[in-house]
Amino acid sequence: MAGLYPPVDPYEHGMLDVGDGNRVYWECCGNPEGKPALVLHGGPGSGAGPFWRRLFDPAAYRIVLFDQRGCGRSTPDAADPRTSLAANTTPHLIADIELLRRHLGIGEWLVMGGSWGVTLALAYAEQHPGRVSELVLFSVTNTTRREVEWVTRDMGRIFPEEWVRFRDAVPEGERDGSLVDAYARMLSDPDPAVRERAAREWCRWEDVHVSTHPGHKPDPRYEDPDFRLRFARLVTHYWRHAGFLEDGALLRDAGKLAGIPGVMIHGRMDISGPPDVAWRLAQVWPDAELVLIGEEGHGLSGDATTEAVLAATDRFRPVRSA
């Protein structure tokens, strides 16, 4: 994509013991003396790939990435059905972020999040506003029960054939109930064939509901059976609990973000995460700018969305002395 900064490698990385038998992978890239910036990846379960590093000026930022519990290079791996997810919740992730911040000796940092990472970024910032200098958020979500129901059931009105396949992958007696609960149960089934079918159909539906922008291509990560199971287990685990947040709390508590400058970037054609979620948040967070991008959809689906994210990180980078 145009405008991305050149690839950079980490100058420091490690595994942080966060308790409950979990160790999270973290890395620092860019300028060790630069402005700290934290990346919160999506999913849950996507992991923090190298692409995220290129959204920041490496000469200006100390870019911190980490893989959230159970995914990426963190251990134990949620792709292993024996891995318990009991200690994998939003409060646990917020505590991990704070532990990592203290481990790295950082006072405050810019926080970037995309999709699920927006929910986590907002939850973290509302709990620790003094630790957040700015927020750069794209594909804005709050992971409310209404949003989960929208993605798993209501979007069948837009993609009827694909949704029927998604629905019919669960046992007939569960098709009129919570589909996310049904999938979560199948993903924990002792039969590996049941788990594999559930993971495959869940990820197939994920690819459908983010496919509204021109030139969409299937996500190649879904070809990896381990990634499919890891991703599907974590997404359904978080979604069936509405992100482990009191429903509507992120919008209700947005006043805690007062004084934190922010940019929210959202595609008008984002059906996976409808723009009204970002718009409602912008009404109660006066320090935020909402940027709606014409024909683009969910994620960094096109050059215009990516350029808007780059413009935001450039805006917040420190001014270099002459």
Side-chain angles (χ1 to χ4, degrees), residues 40-49 67-72 74 76-81 83-93 113-123 139-156 159 162-163 165-167 169-170 174 177-189 194-211 218-245 247 270-274 277 298-299:
L40 298 178
H41 65 71
S46 292
D67 292 328
Q68 296 160 29
R69 293 190 183 203
C71 72
S74 295
D77 187 353
D80 184 340
T83 297
S84 171
L85 302 182
N88 199 326
T89 70
T90 302
H92 286 103
L93 299 184
S115 193
W116 153 254
V118 174
T119 295
L120 181 56
L122 290 169
S139 300
V140 177
T141 67
N142 284 182
T143 316
T144 60
R145 296 195 181 279
R146 182 70 186 89
E147 288 170 70
V148 172
E149 186 73 2
W150 167 261
V151 172
T152 57
R153 187 168 293 278
D154 295 345
M155 262 198 294
F159 301 105
E162 295 88 347
W163 180 79
R165 175 172 178 149
F166 171 69
R167 180 201 63 186
V170 310
E174 299 182 63
S178 168
L179 291 175
V180 71
D181 283 348
Y183 268 92
R185 284 191 289 272
M186 290 191 297
L187 289 161
S188 298
D189 195 278
V194 174
R195 296 195 302 269
E196 165 57 19
R197 183 180 181 220
R200 185 179 294 276
E201 292 302 328
W202 182 273
C203 292
R204 187 191 303 271
W205 177 242
E206 289 271 358
D207 240 349
V208 167
H209 66 72
V210 299
S211 66
D219 191 330
R221 296 177 300 175
Y222 296 149
E223 297 174 6
D224 178 352
D226 285 339
F227 182 87
R228 286 196 301 263
L229 184 57
R230 177 186 307 119
F231 182 84
R233 284 194 76 204
L234 286 168
V235 173
T236 55
H237 173 65
Y238 274 81
W239 282 17
R240 70 191 303 234
H241 294 100
F244 294 93
L245 298 164
D247 216 33
D270 188 344
I271 295 176
S272 180
V277 176
H298 195 73

Set of residues satisfying side chain to side chain donor-acceptor pair (under 3.5 Å) with respect to Arg195, sequence neighbours excluded: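 Side chain to side chain donor-acceptor pair (under 3.5 Å) list for Arg195, sorted by chain: empty.
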Partner set under side chain to side chain donor-acceptor pair (under 3.5 Å) for His92, not counting sequence neighbours: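 Counting only residues at least two positions away or on another chain, His92 forms a side chain to side chain donor-acceptor pair (under 3.5 Å) with Thr89.
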Near-ring test His237/Tyr183, centroid separation under 6.0 angstrom: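 Centroid separation for Tyr183 and His237: 6.0 Å or greater.
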Pair Asp80-Arg233, salt bridge (charged side-chain N to carboxylate O under 4.0 Å, His left out): steps then yes or no: CA-CA 10 Å; Asp80 184 340; Arg233 284 194 76 204; over 6 Å; no
By ring-ring contact (aromatic ring centres under 6.0 Å, His included) - contacts of Trp116 (at least two apart):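 Tyr238.
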Please round to the nearest 0.5 Å and tell me the distance separating atom [atom1] of [X] and atom [atom2] of [Y].
X      : Y      : atom1 : atom2 : result
Thr144 : Trp150 : OG1   : CH2   : 12.0 Å
Leu245 : Thr119 : CG    : OG1   : 7.5 Å
His298 : Ser139 : NE2   : OG    : 4.5 Å
Asp77  : Asp226 : CG    : CG    : 7.0 Å
Thr90  : Leu122 : OG1   : CG    : 11.5 Å
Arg240 : Leu179 : CZ    : CG    : 12.5 Å

Mind checking whether [X] and [Y] have side chains closer than 4.5 Å, heavy atoms only?
X      : Y      : result
Gln68  : Ser46  : no
Leu229 : Glu196 : no
His41  : Cys71  : yes

Short N-O contact, Arg204 and Glu201, less than 4.0 angstrom: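 A salt bridge links Arg204 with Glu201.
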Glu223 bridged to Arg228 by N-O distance under 4.0 Å: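 A salt bridge is absent here (no side-chain N lies under 4.0 Å from a carboxylate O).
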Aromatic plane relationship, Trp202 with Trp239 - under 30° parallel, 30 to 60° tilted, over 60° perpendicular: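 Perpendicular: the ring planes of Trp239 and Trp202 meet at over 60°.
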Taking salt bridge (Lys or Arg N to Asp or Glu O under 4.0 Å) as the test, write out the residues that go with [X], two or more places apart.
X      : value
Asp189 : none
Glu149 : Arg153
Asp247 : none

Intermediate values then yes/no, side-chain contact (heavy atoms from CB on, under 4.5 Å), Val118 and Leu40: CA-CA 8 Å; Val118 174; Leu40 298 178; over 6 Å; no
Over all atoms of both residues, closest heavy-atom pair of [X] and [Y]:
X      : Y      : value
Val151 : Trp205 : O-NE1, 3.0 Å
Asp181 : Ser178 : N-OG, 3.1 Å
Asp154 : Arg146 : OD2-NH1, 2.8 Å
Ala232 : Ala199 : CB-CA, 4.1 Å
Leu85  : Ala78  : CD2-CB, 4.1 Å
Arg197 : Ala169 : NH1-O, 3.5 Å

ring-ring contact (aromatic ring centres under 6.0 Å, His included) between Tyr222 and Phe231, worked out: CA-CA 9 Å; Tyr222 296 149; Phe231 182 84; 5.7 Å; yes
Test log, rule side-chain contact (heavy atoms from CB on, under 4.5 Å), inputs Arg69 and Ser74: CA-CA 6 Å; Arg69 293 190 183 203; Ser74 295; 6.0 Å; no
Test item: Ser84 side-chain N/O and Ala86 main-chain N/O as donor-acceptor pair under 3.5 Å: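 Yes.
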Pair Glu206-Ser272, side-chain contact (heavy atoms from CB on, under 4.5 Å): steps then yes or no: CA-CA 9 Å; Glu206 289 271 358; Ser272 180; 5.9 Å; no
Steps toward side-chain contact (heavy atoms from CB on, under 4.5 Å) verdict (Ile271, His209): CA-CA 7 Å; Ile271 295 176; His209 66 72; 5.9 Å; no
